[in-house]
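Heads up: the structure comes next, in structure tokens.
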Amino acid sequence: MAENEDGSEKTESASSKKLQDARNKGNIPRSKDLSAALLLIVAAATIYGTGTLLVRDLAVLFDFNFLLERADAFDLSRMIFHLYDSVVTMMDSMVLLMSVLAVAGIVGSIALGGLNFAWEPLTPKLSKMNPIAGLKKMFSVQSLVELLKSIAKVTLVGVVATIVLNYFLPETLGLTFQSIELSISHGIDIVIWSFIFVTLALALIAAIDVPFQVWSHKEKLKMTKQEVKDEFKQQEGDPMVRGRIRQLQRQAAMNRMMSDVPDADVIITNPTHFSVALKYDQASGAAPVLLAKGGDFIALKIREVGNHYDIPVIQSPALARAVYHHTEIGEEIPQGLFKVVAQLLAYVYQLRNARMGAPQPEAMPNLDVPDEFQWDGS
């Protein structure tokens, strides 16, 4: 099991943040064997598919150069022409092969881990020049594993190559008794099939190496329980700090709410547990808006602010609870409460007019709250 530098066991899978950080640093799973195997497989398939073209170009090239006249051998300009013409002759087949190999090389290098650009690995670091660190890396477990892998790969490829060469040895020796065209064609077939069989051995190695590289990468990035906790704190913040931030946010929200209470037309109370402050804009004709609400201590503060600014404070437990539980601050009251709130506001306006000399209003009307807005305390 993986261990940290302090000896603690890494038992937790890497978090998405650690995986992304590792990717940004260029630390992603890669398989050189996969790249090599894919490159050789594509090369073998391309050569197999273009074998006829390759045989034709080689035959033309051999004819052109083996039939070289004696005078041309002593003429530098003619020799340069022969070289140029030989290169052009092979371009048809070689350009296709090299283009396909270039694409295969790119695909093979990003097949595992995907496309990734990271500048950090290119940054010069003095620690990389430390000879002691280099010796530790040379004699590490990882180096031993890579050495054993290399020995196994060389052994496997060597065994397959030996079997293939022994199998094609009679045909290879028989090429000397064939014509040039047939010998070239037959020789290329032998090379292609030998190449294919050796490539399949490398494909087997890649099939083993890819899962190993993925597993090894995950093991290296595993985290201890403490690292998981520390990362969570960094992302989410310290619980005490978060609690303090929420407290300050609630305090700021309450201060903003309290600053709106002086604009209210009426404050409805429970009378002790709930208080809600409503404002009605007669000019706009819109529904009354809830400016503030609160329970217990906040309810008391709303009443204190209302008394200070001489805002009518009306006791209506059912209506106070209904507005409190069915309306958010800054929103209009529900349509079902329009009628009962309109009755209350009409009474409040009568009280306001009475202060200016108008007759005193009769007793406050019975404020019947609809059943669907009744709050039973659940």
Side-chain angles (χ1 to χ4, degrees), residues 1-42 104-160 199-239:
M1 184 174 293
E3 291 186 353
N4 208 3
E5 293 180 356
D6 58 2
S8 55
E9 291 185 349
K10 295 183 177 182
T11 57
E12 309 301 314
S13 299
S15 64
S16 57
K17 180 181 181 301
K18 186 166 185 178
L19 290 173
Q20 185 59 45
D21 290 343
R23 189 174 187 86
N24 293 338
K25 296 177 181 179
N27 184 8
I28 55 178
R30 292 294 193 199
S31 174
K32 296 179 181 178
D33 295 324
L34 176 62
S35 302
L38 183 60
L39 184 64
L40 293 177
I41 288 173
V42 172
I106 296 173
V107 174
S109 63
I110 64 174
L112 181 63
L115 186 63
N116 186 57
F117 294 98
W119 294 105
E120 185 165 332
L122 302 177
T123 305
K125 292 184 179 179
L126 295 177
S127 59
K128 294 181 179 180
M129 303 176 63
N130 188 349
I132 297 177
L135 289 174
K136 288 182 179 179
K137 185 178 293 186
M138 287 176 60
F139 295 100
S140 64
V141 177
Q142 182 68 21
S143 298
L144 178 60
V145 172
E146 292 298 326
L147 176 61
L148 294 177
K149 283 171 53 182
S150 299
I151 294 174
K153 287 188 288 186
V154 171
T155 302
L156 178 60
V157 173
V159 170
V160 173
T199 301
L200 291 177
L202 293 176
L204 176 61
I205 295 174
I208 298 174
D209 185 63
V210 169
F212 172 77
Q213 293 296 339
V214 173
W215 173 84
S216 177
H217 180 71
K218 290 182 178 179
E219 286 294 310
K220 290 177 182 177
L221 294 181
K222 273 190 172 181
M223 308 169 67
T224 64
K225 294 183 182 295
Q226 186 60 41
E227 287 175 337
V228 174
K229 293 179 182 178
D230 293 342
E231 183 181 286
F232 178 79
K233 285 183 179 180
Q234 291 176 358
Q235 287 186 297
E236 301 296 329
D238 187 271

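Keep in mind the model is a prediction, meaning the values are calculated, not measured.
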Got a second to check how far Leu200's CG is from Ile205's CD1, nearest 0.5 Å? 11.5 Å

NZ of Lys18 to NZ of Lys222, rounded to nearest 0.5 Å, is 11.5 Å

Go through the structure and list residues passing side chain to side chain donor-acceptor pair (under 3.5 Å) with Lys225, not counting sequence neighbours. Glu12

Determine yes or no for a side-chain-to-main-chain donor-acceptor pair under 3.5 angstrom, with Ser216 supplying the side chain and Phe212 the backbone. no

Of all heavy-atom pairs linking Asp33 and Ala206, the shortest is O-CB, 3.7 Å

Can you see which heavy atom on Thr199 is nearest to which on Ala37, and at what distance? CG2-O, 4.0 Å

Hey, what do you get for CG (Leu39) to CG (Leu34), rounding to the nearest 0.5 Å? 11.0 Å

Per-pair distances, 0.1 Å, donor-acceptor, side chain in residues 105-113, under 3.5 Å, sequence neighbours excluded:
{"unit_1": "Ser109", "atom_1": "OG", "unit_2": "Gly105", "atom_2": "O", "d": "3.3"}
{"unit_1": "Ser109", "atom_1": "OG", "unit_2": "Ile106", "atom_2": "O", "d": "2.7"}

Which pair of heavy atoms, one from Val214 and one from Pro29, lies closest together, and at what distance? CA-CB, 4.5 Å

When rounded to the nearest 0.5 Å, the distance separating CE of Met223 from CG of Leu221 is 9.5 Å

Can you run down the salt bridge (charged side-chain N to carboxylate O under 4.0 Å, His left out) pairs that involve residues 199-215, sequence neighbours left out, and say none if there aren't any? Lys149-Asp209

